[in-house]
Amino acid sequence: MDNLLRVSCGALSPSDAGKTVELDGWVHRRRDHGGLIFIDVRDRSGITQVTFDPSKGETFALAETLRSEDVVSVRGTVRRRPAGTENVKLATGEVEVPADALEILNRSETPPFVIAAEEEPAEEVRLRYRYLDLRRPRMQRNLTVRHQIVKAIRDYFDEHDFLEIETPNLIKSTPEGARDYLVPSRVHRGSFYALPQSPQILKQILMIGGLGRYMQIARCFRDEDPRADRQPEFTQVDVEMTFVRQDDVMQMMENSIRSVWRRVLAEEIPDPLPRLSYAEAMRDYGSDKPDLRFDLRLVDVADVFRGGAFSLFASLAESDANRIVAIRYPNGAALSRRDFDGLTEFVKSIGANGLAYLTFGDGMKGSIARFVDDQMAQRLREGAGVEGNDAVLFIAGEHAIATDVAGRLRLEIAERLGLRDPKRFAFCWVSGFPLFEKDSETGEITFSHHPFTAPLPGQEALFDTDPLAITAQHYDLVLNGYELGSGSIRNHQPEFQRKVFKRLGLTDQQIDDRFGFFMEALTYGAPPHGGMALGIDRIVMLACGESSIRDVIAFPKNQMARDVMMDAPSGVPDQALRDLGLTIVQPPAAT
RNA sequence: GGCGUUGUAGCUCAGUUGGUUAGAGCGCCGCCCUGUCACGGCGGAGGUCGUGGGUUCGAGCCCCAUCAACGUCGCCA
């Protein structure tokens, strides 16, 4: 008893032989040979094999009753496994613990799926029994990586003189943008708190409060439909700094990510990270969050078709409002007619009118080959960088649509060619976004990202003449085609901030109702400031090679924003509604 | 709200042109087994084929509706 050690299941090695230990964990697998029973005992650290011998009468009898996921405490003296019975596949495979005593701490029902199995249960089942899903090595690893990343982020910012400051979750609704989650007030019947979509205004006020460098691992809430990379509540590393320029913030954030990759993944990322302008990103990749793990750039070829025999493209080429884009499909000459039909269907489903293509294998073929003479063919080959047996796909149409479709087609090609390797990481910055954009429905001017973003210095004059031409001091960090987050230099002068709000169509009255406290704060010596927020869930997802952020969140919501384990949201007792002064109005029956 | 994919045993899936009693692997239960590690052997239980309607002599399969999960568009200051 003197040398009894409580040990982790993944920690034992031959050097522990001779130690008497207590091993606590779950029954991972059981191999009952009748006269000898092997139990793999599992905890977060790993697995250790425990053996039960019939000579230990009562203990052996008890071991015969063990089943998957029973919780056990085993006592025994670690020993090397007999020669020839080591398991090289197991970290602890050179040793085992012959049990002297067994205590069954708890029994388990037969689990709905096998924790030890290779095959993955449907997500529906995993989320329903999340506590069992969390026992699987993959989830344990993902949550471990998540912890390490968050810790690396905190360490980095701590080392750079940032203060982590908590901001409240019960705050004032600031209309515009995503839908707020609202929390009814009992004390103030009929009034509501909003949960923060981000701590944006609060962190700016911290800067006005003179805190200098702020960071927070902040929970954010947006009442919008979830996606594989979006949850109604999510976590971001939120950062704000005073007396900084755009490059200062970008450098700080870039280095924080560099530090995370170094500390957690032991990987060096490029220094500096590539930087693209918004215009370049749209032109070359058809996206403001380009996946740079592969090249396959979009190439403008309107010039080649202008005045040519292919009348559809020739006429589109006459106007700058249109775009004709070529994308190389490496070795695409080997594709079948059916493959091209599939690609055509794909681009049609996302808004294109059709897909033209040429193949350059053994002579030139393809849907528009008869309209393309030798000289055009040569220009297309050179423009698109064709080599060997490539195909070239063409998307043509209204500029924004053609760009968007071509950008997605680029991703589709890469997907088919296996170029989107989850083990590779291609970061880039995208900046130079327009400050405003036109709302596609109302035609009115709205902000591209948020109304606190400052324009580039010297562009204030465009405010009244050509607001859509103003460039924002805004920057996005992109990884593998995902937006990790965005930041900007903020407006710190109250007059200018008011001007922006008015440009967006708000009256003085509306500005004061919604942002009065903030506008007032700006008048008391607000320093120049800027910052950024990065989505932790997406960072962890990509670092783990996962394709859904649900796999790196312990208790995620499903696509209907439900927690299927606890069955939330759910109704509340009538008394609770009465306390809050709320009445539920049933929606009219559909007709 | 639109589009797409999926829905068959506890889990993962197969199920041909519409045709007898719907199958497999894993898991589960029982018996046997002293060196396995995805232990092995023998036997067994387990199904409203998501739900409702229709076509048909006959539907897991065809048609209509509907529900759910996932993906995506809308949406995401």
Side-chain angles (χ1 to χ4, degrees), chain A residues 28-42 47-55 60 64 67-69 81-90 92-93 96 98 109-129 132-133 173-180 194 196-198 200-201 220-232 234 345-346 348-351 404-405 408 411-412 436-437 439-441 446-453 474 483 486 488 500-501 504 506 514-515 533 535 547-548 550 558-562 564 590:
Chain A
H28 188 64
R29 276 208 181 86
R30 134 187 104 102
R31 293 177 293 281
D32 185 345
H33 287 227
L36 181 67
I37 300 170
F38 298 96
I39 300 288
D40 292 337
V41 182
R42 181 198 72 235
I47 287 169
T48 290
Q49 174 169 284
V50 173
T51 65
F52 293 88
D53 188 278
S55 64
F60 183 82
E64 284 184 308
R67 294 295 183 270
S68 284
E69 302 308 312
R81 293 195 187 184
T85 66
E86 300 88 350
N87 182 357
V88 293
K89 287 186 282 185
L90 199 61
T92 60
E96 63 188 8
E109 293 292 325
T110 300
F113 55 88
V114 184
I115 311 298
E118 292 287 316
E119 58 193 16
E120 176 156 298
E123 193 167 22
E124 219 171 334
V125 181
R126 294 174 56 204
L127 293 181
R128 166 78 178 77
Y129 300 96
L132 297 178
D133 189 43
S173 172
T174 52
E176 316 286 341
R179 269 184 289 271
D180 286 319
Q197 296 182 27
S198 93
Q200 181 64 32
I201 288 184
C220 304
F221 305 86
R222 293 179 189 174
D223 187 4
E224 300 292 347
D225 292 357
R227 290 280 189 283
D229 63 350
R230 259 164 41 189
Q231 281 273 296
F234 61 99
E345 206 168 303
F346 171 72
K348 280 183 173 173
S349 76
I350 57 175
D404 180 60
V405 171
R408 293 195 217 191
L411 294 179
E412 177 65 21
F436 298 114
E437 60 191 24
D439 187 301
S440 54
E441 280 176 21
T446 180
F447 40 83
S448 306
H449 289 88
H450 63 56
F452 309 108
T453 302
H474 176 107
E483 181 193 316
S486 33
S488 64
V500 172
F501 279 136
L504 294 168
L506 295 182
R514 297 174 187 181
F515 303 106
S547 54
S548 163
R550 293 186 299 270
N558 74 3
Q559 187 160 172
M560 293 300 282
R562 295 196 62 81
V564 293

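Scored by the side chain to side chain donor-acceptor pair (under 3.5 Å) test, Asp53(A) finds Ser55(A) as partners (sequence neighbours excluded). Looking at residues two or more places apart in sequence or on another chain, you find a salt bridge (charged side-chain N to carboxylate O under 4.0 Å, His left out) between Arg562(A) and Asp567(A). Applying the ring pair (Phe, Tyr, Trp, His ring centres under 6.0 Å) rule to Phe436(A) yields the partners Phe463(A); only residues at least two apart in sequence or on another chain are considered. In this structure, Arg222(A) has no side chain to side chain donor-acceptor pair (under 3.5 Å) partners at least two apart in sequence or on a different chain. Looking at residues two or more places apart in sequence or on another chain, you find a ring pair (Phe, Tyr, Trp, His ring centres under 6.0 Å) between His450(A) and Phe452(A). Applying the side chain to side chain donor-acceptor pair (under 3.5 Å) rule to Arg31(A) yields the partners Asp40(A), Gln49(A); only residues at least two apart in sequence or on another chain are considered. The ring pair (Phe, Tyr, Trp, His ring centres under 6.0 Å) search around Tyr129(A) returns none, not counting sequence neighbours. Scored by the side chain to side chain donor-acceptor pair (under 3.5 Å) test, Gln200(A) finds Gln204(A) as partners (sequence neighbours excluded).
Distance CD1 (Ile47(A)) to C1' (rU36(B)): 14 Å, rounded to an integer number of Å. One interatomic measurement links the two molecules: CD of Glu123(A) to C1' of rU12(B), which rounds to 16 Å at whole-angstrom precision. Residue Glu119(A) contributes atom CD, which lies 7 Å from atom P of rU12(B) at whole-angstrom precision.
The base of rA77(B) sits with one of its N or O atoms less than 3.5 Å from a complementary donor or acceptor on the side chain of Ser198(A). For rU12(B), the base has no donor-acceptor partner in the side chain of Glu120(A) [N/O atoms by modelled type, under 3.5 angstrom]. In terms of polar N and O atoms assigned as donor or acceptor, the side chain of Glu96(A) comes within less than 3.5 Å of the base of rG35(B) in a complementary pairing.
Under the 3.5 Å distance criterion, the side-chain polar atoms of Thr453(A) are left unmatched by any main-chain donor or acceptor of His474(A). Within the 3.5 Å criterion, the main-chain N or O of Thr446(A) finds no donor-acceptor partner in the side chain of Glu437(A).
The side chain of Pro451(A) lies closest to rA77(B), out of rA77(B), rG10(B), rU36(B). In the set rA77(B), rC37(B), rG35(B), rG35(B) carries the atom at the smallest distance from any side-chain atom of Leu36(A). Considering only side-chain atoms of Phe113(A), the nucleotide from rC37(B), rA77(B), rC11(B) that sits closest is rC11(B). Looking at the side chain of Gln49(A), the nearest of the listed nucleotides rU36(B), rC75(B), rG30(B) is rU36(B). You'll find that the side chain of Arg222(A) is closest to rA77(B), out of rC37(B), rG35(B), rA77(B). The side chain of Arg30(A) sits closest to rC29(B) out of rA77(B), rC29(B), rG35(B). The side chain of Arg67(A) approaches rC29(B) more closely than any other nucleotide in the set rC70(B), rC29(B), rA77(B). When each of rC70(B), rG27(B), rG25(B) is scored by its nearest atom to the side-chain atoms of Arg550(A), the top-ranked nucleotide is rC70(B). For Arg81(A), the listed nucleotide lying nearest its side chain is rU36(B); candidates were rU36(B), rU12(B), rA38(B).
When the nearest nucleotides of RNA chain B are assigned to Ser55(A) and Val114(A) by heavy-atom distance, the more 5′-ward of the two goes with Val114(A).
The pairing partner recorded for rA38(B) is none, the criterion being a Watson-Crick or G-U wobble arrangement whose two distances lie under 3.5 angstrom. The base-pairing partner of rU6(B), taking Watson-Crick or G-U wobble contacts with both distances under 3.5 Å, is rA68(B). With a 3.5 Å ceiling on both atom-pair distances, rC33(B) lacks any Watson-Crick or G-U wobble partner.
Judged as a salt bridge (Lys or Arg N to Asp or Glu O under 4.0 Å), the pairs with a partner in residues 110-125 of chain A (not counting sequence neighbours) are, in order, Glu120(A)-Arg126(A), Glu120(A)-Arg136(A), Glu120(A)-Arg138(A), Glu123(A)-Arg550(A).
Gln197(A) and Asp180(A) share a donor-acceptor pair across their side chains, judged by distance under 3.5 Å alone.
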Detail all sub-3.5 Å separations between protein N/O atoms and N/O atoms belonging to nucleotides 72-74 of chain B.
{"residue": "rU72(B)", "atom": "OP2", "partner": "Ala228(A)", "partner atom": "N", "Å": "3.4"}
{"residue": "rU72(B)", "atom": "O4", "partner": "Gln559(A)", "partner atom": "OE1", "Å": "2.9"}
{"residue": "rC73(B)", "atom": "N4", "partner": "Arg227(A)", "partner atom": "NH2", "Å": "3.1"}
{"residue": "rG74(B)", "atom": "N7", "partner": "Arg227(A)", "partner atom": "NH2", "Å": "2.9"}
{"residue": "rG74(B)", "atom": "O6", "partner": "Asp225(A)", "partner atom": "OD2", "Å": "3.4"}
{"residue": "rG74(B)", "atom": "O6", "partner": "Arg227(A)", "partner atom": "NH1", "Å": "3.0"}
{"residue": "rG74(B)", "atom": "O6", "partner": "Arg227(A)", "partner atom": "NH2", "Å": "2.7"}
{"residue": "rG74(B)", "atom": "N1", "partner": "Asp225(A)", "partner atom": "OD2", "Å": "2.9"}

Report all interatomic pairs (protein N or O, nucleotide N or O of nucleotides 41-45 of chain B) with separations under 3.5 Å.
none

Is there any protein nitrogen or oxygen under 3.5 Å from a nitrogen or oxygen in nucleotides 3-6 of chain B, and what are the pairs?
none

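OP1 or OP2 of rC75(B) has not a single side-chain nitrogen or oxygen of Arg179(A) nearer than 4.0 Å. Between rU36(B) and Arg31(A), no contact under 4.0 Å exists linking OP1 or OP2 to a side-chain N or O.
Here His33(A) packs flat against the base of rC39(B); its ring centre is closer than 5.5 angstrom to the base's six-membered ring, tilted by less than 30 degrees.
Across all their heavy atoms, Leu132(A) and Pro111(A) have their closest contact at CD1-CB, 4.1 Å.
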